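Working notes for the structure below.
What you see is a predicted model; the values in this text were computed from it and never measured. When a residue number appears, it is its place in the shown sequence, counting from 1.
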Amino acid sequence: MITISNITKSFGSLQVLKGIDLQVRKGEVVSIVGPSGAGKTTLLQIMGTLDRPAGGRIEIDGTDVSQLSTDRLSDFRNRHLGFVFQFHQLLPEFSALENVMIPAYIAGSSHAQAKKRALELLDFMGLKDRANHKPNELSGGEKQRVAVARALVNNPAVILADEPSGSLDTRNKAELHQLFFDLRDRFGQTFVIVTHDEGLAALTDRTIHLKDGLITHTTTRQDKEEI
């Protein structure tokens with residue numbers, strides 16, 4: 001699903017990524033862990049086509065995104081990728097339903113199509129009765145589930161999450177973590193999650209350990225269970 005080859009990235013004289021090679025299989029839930037400054041978020045942004053690498057190649061769902069123009073890259077991102085951030089980034093003036101519908105509008109869906117899909121997702125998230133509430137009327141856990149629904153509305157192949165449970169309490173963290181696996185099982189998406197949460201990393205199919213811009217090692221769920 002995702003193939004990354006020799007990805008490098010620098011900011012001025014600071015080389016943040018020093019040649020990353022990584023493959024993520026379809027339907028896999030992968031976590032990326034490491035100390036602050038290791039390059040985790042930079043790698044995720046490059047995987048999400050939000051930033052371009054200095055060198056290397058990245059292929060997502062059969063498309064070499066390194067070769068796409070800015071306009072084609074924006075369209076690819078909207079249709080093939082979904083994003084979940086630490087802070088939900090919902091638009092406060094819109095309801096939960098409207099927030100979920102926005103990427104579908106951008107992709108060219110009709111109002112009826114976007115609304116139907118958004119309601120289906122909110123129902124799956126247990127939020128159908130909160131559809132017309134604005135973000136300031138929702139709990140932290142509810143807002144993050146709305147953000148997940150928004151990421152899924154265009155049925156993307158890949159969901160990229162950056163510290164998705166970092167702002168949640170223990171109960172809501174556990175519910176969100178389980179939700180990722182329920183969604184993978186229900187819709188077949190591939191998940192790549194940057195996290196400092198050891199509990200979440202332990203649940204994922206594979207954990208990529210990053211340090212000083214390099215992958216130091218990888219552990220599988222089987223490896224974790226044997227420890």
Checklist entry - Honestly curious: do Ile106 and Val84 fall in one hydrophobic cluster under the side-chain, below-4.5 Å linking rule? => result no
Checklist entry - Hey, does Asp51 have a side-chain heavy atom less than 4.5 Å from the side chain of Lys9? => result yes
Next on the checklist: Between Leu138 and Phe94, is there shared hydrophobic-cluster membership here, with clusters defined by ILVMFWY side-chain heavy atoms closer than 4.5 Å?
Outcome noted: no
Checklist entry - Between atom CG of Leu90 and atom CG of Asn136, what is the distance when rounded to the nearest 0.5 Å? => result 11.0 Å
Checklist entry - Passes side-chain hydrogen bond (donor to acceptor under 3.5 Å, both in side chains), Asp64 versus Ser66? Steps please. => result CA-CA 5 Å; Asp64 183 355; Ser66 313; 3.2 Å; yes
Checklist entry - Salt bridge between Arg186 and Asp182, side-chain N to carboxylate O under 4.0 Å? => result no
Checklist entry - When you look at CZ of Arg52, are more than 12 heavy atoms from neighbouring residues, nucleotides or ligands closer to it than 6.0 Å? => result yes
Next on the checklist: With a 3.5 Å distance limit and no angle check, can you tell me whether Glu98 reaches the backbone of Ser95 through a side-chain donor-acceptor pair?
Outcome noted: yes
Checklist entry - Mind checking whether Pro135 and Asn99 have side chains closer than 4.5 Å, heavy atoms only? => result yes
Next on the checklist: Determine whether Thr3 and Ser5 satisfy the following criterion, side chain to side chain contact (heavy atoms under 4.5 Å, CB included), listing intermediate values before the conclusion.
Outcome noted: CA-CA 7 Å; Thr3 301; Ser5 305; 4.0 Å; yes
Item to check | side chain to side chain contact (heavy atoms under 4.5 Å, CB included) evaluation trace for Asp61 with Met1 | outcome: CA-CA 5 Å; Asp61 201 16; Met1 178 56 68; 3.7 Å; yes
Checklist entry - In Å and rounded to the nearest 0.5 Å, what is the CD1 to CG distance from Ile193 to Asp162? => result 11.0 Å
Checklist entry - Between the main-chain N or O of Pro164 and the side-chain N or O of Gln144, is there a donor-acceptor pair closer than 3.5 Å? => result yes
Item to check | All ring-ring contact (aromatic ring centres under 6.0 Å, His included) counterparts of His111, not counting sequence neighbours | outcome: none
Checklist entry - Is a salt bridge present between Asp197 and Lys173, judged by a nitrogen-to-oxygen distance below 4.0 Å? => result yes
Next on the checklist: When you group the ILVMFWY residues by side-chain heavy-atom contacts below 4.5 Å and let the links chain together, are Leu176 and Val194 in the same group?
Outcome noted: no
Next on the checklist: Nearest 0.5 angstrom please: Ile4 CD1 to Ile208 CD1, how far?
Outcome noted: 9.5 Å
Next on the checklist: Is the shortest side-chain heavy-atom distance between Leu43 and Leu17 below 4.5 Å?
Outcome noted: yes
Next on the checklist: For Ile46 and Ile7: C-alpha separation, side-chain torsions, deciding distance, then whether side chain to side chain contact (heavy atoms under 4.5 Å, CB included) applies.
Outcome noted: CA-CA 9 Å; Ile46 289 173; Ile7 289 293; 4.1 Å; yes
Checklist entry - Quick check: does any side chain N or O of Ser109 sit under 3.5 Å from a backbone N or O of Ala114, one acting as donor and the other as acceptor? => result no
Next on the checklist: Please check this pair: side chain of Lys211 against backbone of Pro35, looking for a donor-acceptor N/O pair closer than 3.5 Å.
Outcome noted: no
Next on the checklist: Do Arg206 and Arg25 make a side-chain contact, defined as non-hydrogen atoms from C-beta onward lying under 4.5 Å apart?
Outcome noted: yes
Next on the checklist: Any heavy-atom pair between the side chains of Leu122 and Val100 that's under 4.5 Å?
Outcome noted: yes
Contacts under 3.5 angstrom, residues 148-158 side chains, donor-acceptor by atom type, not counting sequence neighbours:
unit_1 : atom_1 : unit_2 : atom_2 : d
Arg150 : NH1    : Gln89  : O      : 2.9
Arg150 : NH2    : His88  : O      : 2.7
Asn154 : ND2    : Asn78  : O      : 3.1
Asn154 : ND2    : Pro103 : O      : 3.1
Asn155 : OD1    : Gln189 : NE2    : 3.2

Checklist entry - For the atom pair CZ (Phe124) and CG (Leu179), what is the distance rounded to the nearest 0.5 Å? => result 6.5 Å
Next on the checklist: With clusters defined by side-chain heavy atoms of hydrophobic residues (ILVMFWY) lying less than 4.5 Å apart, directly or transitively, does Leu203 cluster with Leu183?
Outcome noted: yes
Checklist entry - Can Ile32 be reached from Phe181 by stepping across I, L, V, M, F, W or Y side chains whose heavy atoms are under 4.5 Å apart? => result no
Item to check | Test: Arg57 and Asp21 ion pair at under 4.0 Å | outcome: no
Checklist entry - Where do Ile102 and Leu91 land on the side chain to side chain contact (heavy atoms under 4.5 Å, CB included) test, with the steps shown first? => result CA-CA 10 Å; Ile102 288 170; Leu91 297 176; 3.6 Å; yes
Checklist entry - Is a salt bridge present between Arg130 and Glu142, judged by a nitrogen-to-oxygen distance below 4.0 Å? => result yes
Item to check | Validation row: Ile215, His209 side chains within 4.5 angstrom (heavy atoms) | outcome: no
Checklist entry - For atom CD of Glu137, is the number of surrounding heavy atoms from other residues, nucleotides or ligands below 6.0 Å larger than 12? => result yes
Item to check | Note, Met101 side chain near Lys115 side chain (heavy atom, < 4.5 Å) | outcome: yes
Next on the checklist: Testing Thr219, Thr195, Thr204 one by one against Ser31 for a side-chain hydrogen bond (donor to acceptor under 3.5 Å, both in side chains), which residue passes?
Outcome noted: Thr204
Checklist entry - Got Val65 and Leu73 here, is their nearest side-chain heavy-atom distance under 4.5 Å? => result yes
Item to check | Under 3.5 Å side-chain donor-acceptor pair for Gln45 and Thr42 | outcome: no
Checklist entry - How long is the span from the CD atom in Glu28 to the CZ atom in Phe191, to the nearest 0.5 Å? => result 12.5 Å
Checklist entry - Can you list the residues that meet the ring-ring contact (aromatic ring centres under 6.0 Å, His included) rule with Phe76, with sequence neighbours excluded? => result His80
Checklist entry - What is the distance from atom NZ of Lys26 to atom CZ of Arg184, rounded to the nearest 0.5 Å? => result 11.5 Å
